[in-house]
Amino acid sequence: MRILVVGNGAREDALSWRLSRSESCDALFAAPGNAGTASRGTNWAIPATDGKSLLARALEERIDLVVLGPETAIAAGVGDRFRDAKIPTFGPNRAPGRLESSKIFAKRFMERHGIPTAKSRVVHSLAHAEKALADWRGGCVVKADGLAAGKGVVVAPDAERALAVLRDWYGTGGVPGGGSDVLLEEKLEGRELSVFALGDGKRFTIVGAACDYKRAGDGDTGPNTGGMGAYSPPAGFPDDLERLVAERVLEPVARGLAGENERFVGVLYCGLMWTAAGPSVIEFNVRFGDPETQVLMPRVRGDFAKLLRGAADGALDASVATFDGDPCVGVVLATPDYPRTSSPLRDLGADVSLGDAGVAFWGASNARDGVVDAGGGRVLTVTAQGADLERARANAYRAVDVLARRMGAGVSLSYRSDIALDR
Ligand code: AMP
Ligand code: GLY
C-alpha cells in the first residue's frame, strides 16, 4: 500500500514509523510531516486541514490508505473528503468526530445512550454560570466546548475558584477555542486511564490502553497540558478492565452511533476515570493520543497498516496486529513556557537519533542541516521499553539524561520526573 499520514507531531512520527515497518506498506507519505516522517518517506508541504489540496495530491500519488493524525484534520472534514472520493481512510468523518470536537455534543450523546459520565451543566455567559454555581457542591471542572489542544479544561477545587476561571474566560481571556459555550462538570475521583478502540463502522475493538499525565508538573500539579508522558500497559487496574469498558462504554457508543445513522471509522480514545463504581468517561477523542501513541507503537506486533486498512474497509481483523510487546514508558520534553505559550525552539544541538535498543525519540520538529527547528511546546517524546515497567522507566529516564547532556548551550527543555512512578 501507498500510505499517507496526515499531521506533523511526535504522534505522526511514531505512527509513520510503525506503518513503514508493516509488511503491507510499500511507500509512505506525510502531510505536512516532520523530520521523522521525512526519514521514512516523502513529506508534502500541505497543511493537515487543507482537505482539497490533500485529496488532489493523494489522487495523483495513487494513495491506498490515509491515516488521519490530528483532531483538527478530522474537524475540518478531511475524512469526509477522502471517503467521498473512495480512498480508504482511517479516521472518522466530521459528524461523529464531534464526540471530540464538541464536549457538549459528547456529553449529550453519553446521556442519550446511558454511558457513565460526570453530571454536568452547560452555561453560555458569566451571569448564567453564576446562577449554575450558586448551589454547587464540591469540585467543579470547567471545560470549554471546542477544540483547545488540551488547554480548555480547568479542574477547580470549588465553585468559587471555578467562577474565577469563568470571569477570566468571559472577560478579557476569552473562552479557549472560541465560542461562548462552557461545560461545568462534577469532579470525579479515581485513577485515570486511556483505552484505545478501533472502529470499523460497525463495532469497536479494544487494542490497547495507556496512562497519560496531563498536568505540567510533578505530582500532578500545574496547568493541564496536551500530555507530559505516558506508559503502557496500565498498572493497578482490575483484571476485567477491558470487559467492563467494552460493556459499559463501547457497546452503547456503537449502538448509539448506529441509531443516529453515523459510521465511525478510526480510533475512539476513551479517556476514563476509574471510580469506585468502575469506568466513567471524562472525554472521548477520535484519534490516537499524543503522547500515548509514542508508547503504544513500539509495543505493536504484526502488520499495523493492514489492521488500519481493515478498519477503513469496514472489516477489522484484530488478529493481524496486536499491541502486546514489552511495556513502554514515554517522557515528553517541552519548552519551559509550555503550556502558557509555545516559543519556537531553534537548534536543539543534540543527536536525537541516539538509538539504544528499545529507546526512541519521537519529534514534532523539522531538522535541516543538523539544526532541529521545532515549533515549541511539546518538542520531543523519549520512549523506552523494558522487561517490566520499572525497567522501561529506568531506561527512558537514562535516555532523557543523555539527551539533556548533549543539548546545545542555552537550550533547556522541561519534563516531568515522575512518569510511571505512581502505579
Ligand atoms: P479532558 O480534556 O476533558 O480530558 O480533561 C483534561 C483533564 O482534566 C483530564 O485528563 C482529567 O485529568 C481532568 N478532568 C476532566 N474532567 C474531569 C472530571 N469530571 N473529574 C476529574 N478530573 C477531570
Ligand atoms: N494525551 C491526550 C491527548 O492526546 O488528547
Side-chain angles (χ1 to χ4, degrees), residues 7 9-12 14-15 68-72 74-75 97 99-107 110 115-121 136 138-158 162 165 176-177 182-196 209-217 219-232 266-277 279-296 330-332 334 338-339 362 364 377-378 381 416 419 422:
R11 166 183 50 211
E12 287 75 18
L15 283 172
L68 301 180
E71 61 277 20
T72 48
I74 293 160
L99 286 173
E100 171 167 3
S101 63
S102 166
K103 291 195 186 284
I104 295 172
F105 174 86
K107 184 64 78 175
M110 288 188 263
I115 296 158
T117 186
K119 288 200 198 68
S120 68
R121 287 188 202 168
W136 194 279
C140 176
V141 186
V142 184
K143 299 188 173 186
D145 181 48
L147 294 178
K151 295 160 213 162
V153 175
V154 181
V155 181
D158 53 41
V165 172
V182 174
L183 194 67
L184 304 177
E185 203 171 278
E186 81 178 328
K187 183 171 179 288
L188 297 167
E189 300 297 337
R191 280 189 68 208
E192 275 185 72
L193 95 149
S194 311
V195 172
F196 297 85
C211 285
D212 174 25
Y213 291 73
K214 290 254 168 57
R215 297 296 196 80
D220 285 334
T221 53
N224 266 320
T225 70
M228 294 301 292
Y231 70 88
S232 176
V267 193
L268 187 67
Y269 161 147
C270 307
L272 304 171
M273 187 71 87
W274 207 272
T275 69
S280 181
V281 177
I282 294 178
E283 65 163 348
F284 286 125
N285 293 318
V286 297
R287 35 111 196 139
F288 279 109
D290 185 346
E292 292 92 328
T293 306
Q294 293 90 298
V295 297
L296 288 175
V331 180
V332 170
Y338 177 75
W362 308 107
R378 297 184 296 165
T381 311
R416 280 181 64 158
I419 304 303
D422 60 330

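One-based numbering, in listed order, for ligands and for the atoms of each.
The shortest heavy-atom contact between V295 and G330 is CG1-N, 3.3 Å.
The atoms of ligand 1 that sit less than 4.0 Å from any heavy atom of V155 are 8 (O), 13 (C). Counting the atoms of ligand 1 from 1 in the order shown, those under 4.0 Å from a heavy atom of M273 are 21 (C), 22 (N).
Scored by the side chain to side chain donor-acceptor pair (under 3.5 Å) test, K107 finds T117, E185 as partners (sequence neighbours excluded). Residues forming a side chain to side chain donor-acceptor pair (under 3.5 Å) with T72 (at least two apart in sequence, or on another chain): none. Residues forming a side chain to side chain donor-acceptor pair (under 3.5 Å) with E189 (at least two apart in sequence, or on another chain): K187.
For L188, heavy-atom contacts with ligand 1 shorter than 4.0 Å involve the backbone as well as the side chain. Counting heavy atoms closer than 4.0 Å to ligand 1, residue R215 contributes nothing at all. Neither the backbone nor the side chain of E189 has any atom closer than 4.0 Å to an atom of ligand 1 (non-hydrogen atoms only). Counting heavy atoms under 4.0 Å from ligand 1, residue D212 does not touch it at all.
For the pair R416 (side chain) and R215 (backbone), a donor-acceptor distance under 3.5 Å is present. With hydrogens and angles ignored, the 3.5 Å screen pairs a side-chain donor or acceptor of T225 with a backbone N or O of K214. Put simply, the side chain of R11 gets close to the backbone of F288: a donor and an acceptor are under 3.5 Å apart.
In this structure, the side chains of D212 and E192 stay at 4.5 Å or more apart for every pair of heavy atoms.
The immediate protein surroundings of ligand 2, defined as residues with any heavy atom under 4.0 Å of it, consist of D212, K214, G226, Y269, N285, R287, G289, D290, P291, E292.
In this pair, F196 and Y269 present their aromatic rings perpendicular. The plane angle is above 60°, beyond the 30 to 60° band.
For K143, a nitrogen or oxygen atom sits less than 3.5 Å from a nitrogen or oxygen atom of ligand 1, counting backbone and side chain alike.
Between the choices T275, D220, N224, V142, the shortest heavy-atom distance to atom 8 (O) of ligand 1 belongs to N224. In the candidate list E283, E100, K214, E283 is nearest to atom 1 (P) of ligand 1, counting heavy atoms.
The one candidate from L15, I74, T293, L268 that meets the side-chain contact (heavy atoms from CB on, under 4.5 Å) condition with R287 is I74.
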